[in-house]
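One structure is given below, encoded as structure tokens.
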Amino acid sequence: MFQRSLLFLLIALLIQSSFLLKISSALKEGKTCITNSNCDAGLHCETCIANTDFRPRCSRTQPINPISKAKELPFNKYSWLTTHNSFARLGEVSRTGSVILAPTNQQDSITSQLNNGVRGFMLDMYDFENDIWLCHSFDGTCFNFTAFQPAINILREFQVFLEKNTEEVVTIIIEDYVKSPKGLTKVFDAAGLRKFMFPVARMPKNGGDWPRLDDMVRQNQRLLVFTSDSHKEATEGIAYQWKYMVENQYGNGGLKVGVCPNRAQSAPMSDKSKSLVLVNHFPDAADLIVACKQNSASLLESIKTCYQAAGQRWPNFIAVDFYKRSDGGGAPQAVDVANGNLICGCDNFAACKGDGKCG
């Protein structure tokens, strides 16, 4: 009896050791995990309850960086992972000391997003407390309970990243409620970003190709900034967003299956006089739980629908809430699909070869 019990114990220990050895090694996408450290680089461990999948598994947090295989194409021939309300971080406390009652849309800091390959950032800027603040507010007014932090804090994170990563290009899209004279100019200058800003004079006006990515890098013009205020292009030299890009409807209107309507401020999606295409895929009310489902199969369908609506143009910016949430490939996979088609004609960028051909 003792020998039999000892045998069972040894077998149990062997099975447990085998399981732990498997978990301790770097797991690939879709594999069952316990913690983030179990997963391979660019992945984290999570469960997508919204898809009735209770098994924790390794899911992607990073797209493949397109410059790893192609640097010589025009800027409008790339797709970039973009975060909606990039600054509205879950669990954040207002720098005013107030509790934030505004919705949140992301899980991590700007620096973390940059390190995970996010290259497009949507920021809401307001006049507040004699400064420029990032607020998720309403009626064009910032309040203590909707104010996150002064914009310069976030902008300095971009400055540090661009200084350290000399081949990377970043885009900031501002929902602009700033009325103070030269308000944006002053805050970007104070953050040390002026030297990186891509000049409006070089932006194509009639649907032509943008300068090549490697040329933008060579000239250190690696920060594109767009504003929703049509007057700022003339007064501050900051590009008016919808003069250069088309954009689909944001919120629930952009989640409808099989259609890709333009938002009211944008020209029709099919207008090719604008070289850039922005696709939004997030609901009216951000939902951390449901985001994993929204950022999965329906996101891939959305970019394909908008590809047709935009005159067979893949999106240059794919904007989502909680970009790290998915049931597998998620928003990073959607970006890889777009880049694969844009850069080499593959259905996924992973299949692109260094010579620009599909392998």
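Start at 1 with the first residue, then count along the sequence.
Evaluation of the salt bridge (charged side-chain N to carboxylate O under 4.0 Å, His left out) rule for K28 yields D40 as partners, not counting sequence neighbours. Residues forming a side chain to side chain contact (heavy atoms under 4.5 Å, CB included) with Y240 (at least two apart in sequence, or on another chain): S230, E233, W242, K243.
Among pairs with a residue in residues 283-299, none fulfils salt bridge (Lys or Arg N to Asp or Glu O under 4.0 Å), at least two apart in sequence or across chains. Among pairs with a residue in residues 254-305, those fulfilling ring pair (Phe, Tyr, Trp, His ring centres under 6.0 Å) read H84-F282, at least two apart in sequence or across chains. Residue pairs meeting the side chain to side chain donor-acceptor pair (under 3.5 Å) criterion with at least one partner in residues 173-183, sequence neighbours excluded, are D127-S180, E175-Y177, D176-T227, D176-K232. Among residue pairs with one or both ends in residues 82-98, those qualifying as salt bridge (Lys or Arg N to Asp or Glu O under 4.0 Å) are E92-R95; sequence neighbours excluded.
Look at E163 and K195 and you find a salt bridge, because one of the NZ, NE, NH1 or NH2 atoms lies within 4.0 Å of a carboxylate O, short of that distance. With respect to the salt-bridge test (charged N to carboxylate O, under 4.0 angstrom), the residues K186 and D189 do not qualify.
At a threshold of 4.5 Å between non-hydrogen side-chain atoms, the residues V277 and E247 do not count as touching. By the 4.5 Å heavy-atom criterion applied to side chains, F54 and I49 are counted as neighbours.
Under the 2.5 Å cut-off for SG-SG separation, C346 and C352 do not qualify: their sulfur atoms lie farther apart than that.
Minimum interatomic distance between F322 and Q107 (heavy atoms only, all atoms of both residues): CD2-CG, 3.7 Å.
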